[in-house]
Enquirer: 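Take this structure first; my questions come after.
If you read the sequence from its start, that first residue is 1, and numbering goes on from there. The analysis underlying the following values was restricted to heavy atoms, covering all of them including side chains, and did not include hydrogens, waters or symmetry mates. In this text, all values refer to a predicted model and were calculated from it rather than measured experimentally.
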Amino acid sequence: MSEVTNDRDGGRTPRRWNPLARAARCGEALHAWRTRRHGHAPPAHDTGGAPPSPEPAAVESVLWRMRTTVRDEPGALAALCTALAERRVDILSLQTHPLGAHTVDEFLLRVPTGTDLTAAVTAGGGADTWTERADAHDLVDGPTRMLGLAARTATDAAELPLSLRQLLGRCTIRSQPAAAVGVAAVPSEGVLEDTVIRLRDPEGGVITVERPHLPFTPTEFARARALVELDARLGPRMPRGRDVLTLSEGGHVSVRRADTADLDAARAMHERCSAETLRRRYHGPVGDASRYLNHLLSPRFGRTLAAQTASGDIIALGHLLWDGEETEVALIVEDAWQRRGVGAELLSRLVGMAVEADCAHVYAVTQASNTGMVAAMRGLGLPLDYQVEEGTLVITARLTPTPAAARTPGAGERVARH
C-alpha cells in the first residue's frame, strides 16, 4: 500500500507507507486524546500550571476522649469544631448532653502528636475540659457499645460492675449489702449527686459509682440505671460451663463458676479444713470464716471459681473481688488437696478473667508463712510488688494483655476463658 506526495516540481510522486511508523503515530495520538479527555480538562503543561504538589507527610496521631462544656446556643459547637479543625484534629465521634443553658460535648478525637488540645478547646469556647487517652475499643459507636454492654450483663450477673465501668469510664464502683447503714435512704429510682451515682440493686443493696472531678450527666445516669434495671429483671444467672482438670499427681477435678447456690457445699468444705488453713485465708477468728461466704459467693461483688470432685464435694474456692478501682484475688484449698496444683489453676484462671475485664493489676492479701499462696503468685510469671505491714503480706501482680505467654506452661497453670 502507498500514499502520494508532491515533489519539488509540483509533480505527484508515490511514496511507500511504513506500517510500523504509522502504527506508532496512531498510538501517540490516541494517548494524547485520552490524556486530554480524562477529567474533561487539559494537561497541566498546556495551561501553564505548576506540577501537582506532593502529598503531605503523614503525621503521627493519638486517640483521645475529651469532654468539654459549651453554651447551648447556635454556632457554639461549630466554633469549637472549627478550632479543632485548624489544628488538624479529626473528630471521630460526638455525643451531646444538654444541661440547661450549657451542653456537655463528648468527643473521640484523633489528635496530631504534640497538639495542645486544651488550648485548642479553650480557643473554641470550651470550658471545664477533661481528656483521657483512648484506644481502638472506643471507636465503636454509642448504640453498638450499649447493646454490647447489655448483652454482657445479660450473660452473667457478675458483669454488671464491669459494664458500668465500661459505660462511665474511669470510676470507682462499690456494692453495699442491704444491711449497710443508709441503704434505706436510697430511692428505687436512684440518686444523682454531681460526681456520685447511687442505684438500688436487685438484692436490696446499693451500687455506688463515683468519679472524681467529672460530674455525671443526666444522660449517663439514665444509661446506668437502665443497665441496673436490666440486671434486676433477668434475676440470678451465671455461665454453667465446667472444665475437667487433670492433676499432676493423677486424678481429676472439675472447675466451674460458683455462686450463693453453693453456700452449703462451701460451708461443708470449711468444716473439713484445719484451723490453720482457715486462719491463713481469712486472717481472723476461725469461727467467723463461714459468715463471709454469702458475701464472697455473691456475683455482685465479683466472681468465684470452685474446684469440685466427682462426688460433688467442693475442695477449693478462688475469688476475684471488685474492690472499687482495685481487684483482689483470694484462694482457699482444703488440706487434703493442697500442693497438687489446684490453687495454681484457680489463680491462673482468675487472672485470665481479670485481664478480660481490663484490670491493670490484682493483689492478694496473705501472710509470709503462707508459702503456697506466695508460690502460686510467683508462678504467674508476672511482675510482682510486695508490701509487708504488721505481719500481713500484700502481693500485687501487674497484668499484661497475655499473661499466659509470660509463663512456662505446666500442670495446673493454664488460663481458661469462661
Side-chain angles (χ1 to χ4, degrees), residues 245 247-249 251 253 255 258 262 265-293 295-297 301-309 313-323 326-354 359 361-399 403 406-408 410-415:
L245 173 65
L247 302 178
S248 56
E249 297 179 0
V253 296
V255 179
D262 298 292
R267 285 173 176 161
M269 182 197 69
H270 273 183
E271 293 175 359
R272 296 191 300 270
C273 289
S274 66
E276 180 62 21
T277 293
L278 294 175
R279 187 177 298 108
R280 286 179 175 178
R281 167 62 185 90
Y282 296 104
H283 319 291
V286 174
D288 293 339
S290 292
R291 73 184 183 93
Y292 298 118
L293 285 173
H295 173 91
L296 293 172
L297 293 171
F301 303 101
R303 300 178 186 171
T304 298
L305 291 177
Q308 190 174 35
T309 63
D313 291 335
I314 289 179
I315 51 95
L317 291 172
H319 305 285
L320 187 70
L321 302 170
W322 317 130
D323 180 17
E326 308 294 327
T327 306
E328 181 182 0
V329 289
L331 297 172
I332 181 170
V333 180
E334 187 179 326
D335 295 63
W337 292 86
Q338 292 176 8
R339 311 296 179 182
R340 299 177 65 178
V342 178
E345 172 67 14
L346 294 184
L347 181 62
S348 169
R349 291 172 180 245
L350 294 172
V351 169
M353 290 178 174
C359 299
H361 56 266
V362 297
Y363 71 91
V365 181
T366 185
Q367 301 169 356
S369 60
N370 190 352
T371 56
M373 186 64 182
V374 174
M377 291 293 288
R378 287 177 176 172
L380 293 171
L382 297 171
L384 300 178
D385 295 327
Y386 300 84
Q387 287 185 322
V388 180
E389 295 181 4
E390 299 180 356
T392 299
L393 175 63
V394 180
I395 308 174
T396 302
R398 297 194 300 275
L399 305 184
R407 303 196 311 273
T408 301
E413 289 192 357
R414 60 184 174 86
V415 176

Enquirer: Apply the test side chain to side chain contact (heavy atoms under 4.5 Å, CB included) to residues Val365 and Ile395: give CA-CA distance (whole Å), side-chain angles for both, the deciding distance (0.1 Å), then the verdict.
Expert: CA-CA 7 Å; Val365 181; Ile395 308 174; over 6 Å; no
Enquirer: Can you tell if the side chain of Trp322 reaches within under 4.5 Å of the side chain of Thr327, non-hydrogen atoms only?
Expert: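 Trp322 reaches Thr327 side chain to side chain.
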Enquirer: Not counting sequence neighbours, which residues clear salt bridge (charged side-chain N to carboxylate O under 4.0 Å, His left out) with Arg272? List them please.
Expert: Glu334
Enquirer: Looking at NE2 of His361 and CG of Leu399, how far apart are the two atoms once the value is rounded to the nearest 0.5 Å?
Expert: 8.0 Å
Enquirer: Residues two or more places apart in sequence or in another chain: which of them pass ring-ring contact (aromatic ring centres under 6.0 Å, His included) with His270?
Expert: Tyr282
Enquirer: Got a sec, which residues hit side chain to side chain donor-acceptor pair (under 3.5 Å) with Thr392, two or more places apart in sequence or on another chain?
Expert: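 Listed in chain order: nothing, the list is empty.
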Enquirer: Do Thr371 and Arg339 make a side-chain contact, defined as non-hydrogen atoms from C-beta onward lying under 4.5 Å apart?
Expert: yes
Enquirer: Please name all residues satisfying side-chain contact (heavy atoms from CB on, under 4.5 Å) with Ala364, sequence neighbours left out, ordered by chain then number.
Expert: Val329, Met373, Met377
Enquirer: Which pair of non-hydrogen atoms, one from Leu320 and one from Ala354, has the smallest distance, and what is that distance?
Expert: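 Reported closest heavy-atom pair: CD2-N, 3.9 Å.
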Enquirer: For Arg280, which residues count as a side chain to side chain donor-acceptor pair (under 3.5 Å) partner, sequence neighbours excluded?
Expert: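 Only Glu276 meet the side chain to side chain donor-acceptor pair (under 3.5 Å) criterion with Arg280.
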Enquirer: Could I get the full list of side-chain contact (heavy atoms from CB on, under 4.5 Å) partners for Asp385, not counting sequence neighbours?
Expert: Thr396, Arg398
Enquirer: Going by the rule side chain to side chain donor-acceptor pair (under 3.5 Å), which residues pair with His283 if we only count those two or more places apart in sequence or in a different chain?
Expert: none
Enquirer: If we ignore hydrogens and angles and just use 3.5 Å, is the side chain of Thr304 paired with the main-chain N or O of Leu296 as donor and acceptor?
Expert: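 Yes, Thr304 side chain to Leu296 backbone: donor-acceptor pair under 3.5 Å.
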Enquirer: With sequence neighbours excluded, what pairs up with Ala316 under the side-chain contact (heavy atoms from CB on, under 4.5 Å) test?
Expert: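 Ala316: side-chain contact (heavy atoms from CB on, under 4.5 Å) contacts with Ala307, Val333, Val342, Leu346.
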Enquirer: Tell me, do Gln308 and Val253 make a side-chain contact under 4.5 Å, heavy atoms counted?
Expert: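 The answer is no, as the side chains (C-beta and beyond) never meet within the 4.5 Å cut-off.
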Enquirer: Taking the side chain as every heavy atom from C-beta outward, state whether Met269 and Ile315 have any atom pair closer than 4.5 Å.
Expert: no
Enquirer: For Cys273, does its backbone N or O pair with a side-chain atom of Asp335 as donor and acceptor, under 3.5 Å?
Expert: no
Enquirer: Tell me, please, which residues at least two apart from Thr366 pass side chain to side chain donor-acceptor pair (under 3.5 Å).
Expert: Asn370
Enquirer: Between OH of Tyr386 and CG of Leu393, what distance do you get to the nearest 0.5 Å?
Expert: 8.0 Å
Enquirer: How long is the gap from CG on Leu331 to CG on Leu305, to the nearest 0.5 Å?
Expert: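 Leu331 CG to Leu305 CG: 9.5 Å, rounded to 0.5 Å.
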Enquirer: Quick one: list whatever passes salt bridge (charged side-chain N to carboxylate O under 4.0 Å, His left out) with Asp313, sequence neighbours left out.
Expert: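 Scan of Asp313 (salt bridge (charged side-chain N to carboxylate O under 4.0 Å, His left out), adjacent residues dropped) gives none.
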Enquirer: Compare all side-chain heavy atoms of Leu293 with those of Leu317 and state whether any distance is below 4.5 angstrom.
Expert: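 Contact flag for Leu293/Leu317 side chains = yes.
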Enquirer: List in chain and number order the residues that pass side-chain contact (heavy atoms from CB on, under 4.5 Å) with Ala275, two or more places apart in sequence or in another chain; answer none if no residue qualifies.
Expert: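 Listed in chain order: Arg279, Val286.
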Enquirer: Taking the side chain as every heavy atom from C-beta outward, state whether Ile314 and Thr309 have any atom pair closer than 4.5 Å.
Expert: no
Enquirer: Is any side-chain heavy atom of Arg349 less than 4.5 Å from a side-chain heavy atom of Glu345?
Expert: yes
Enquirer: Using ring-ring contact (aromatic ring centres under 6.0 Å, His included) as the criterion, list what pairs up with His295, not counting sequence neighbours.
Expert: Phe301
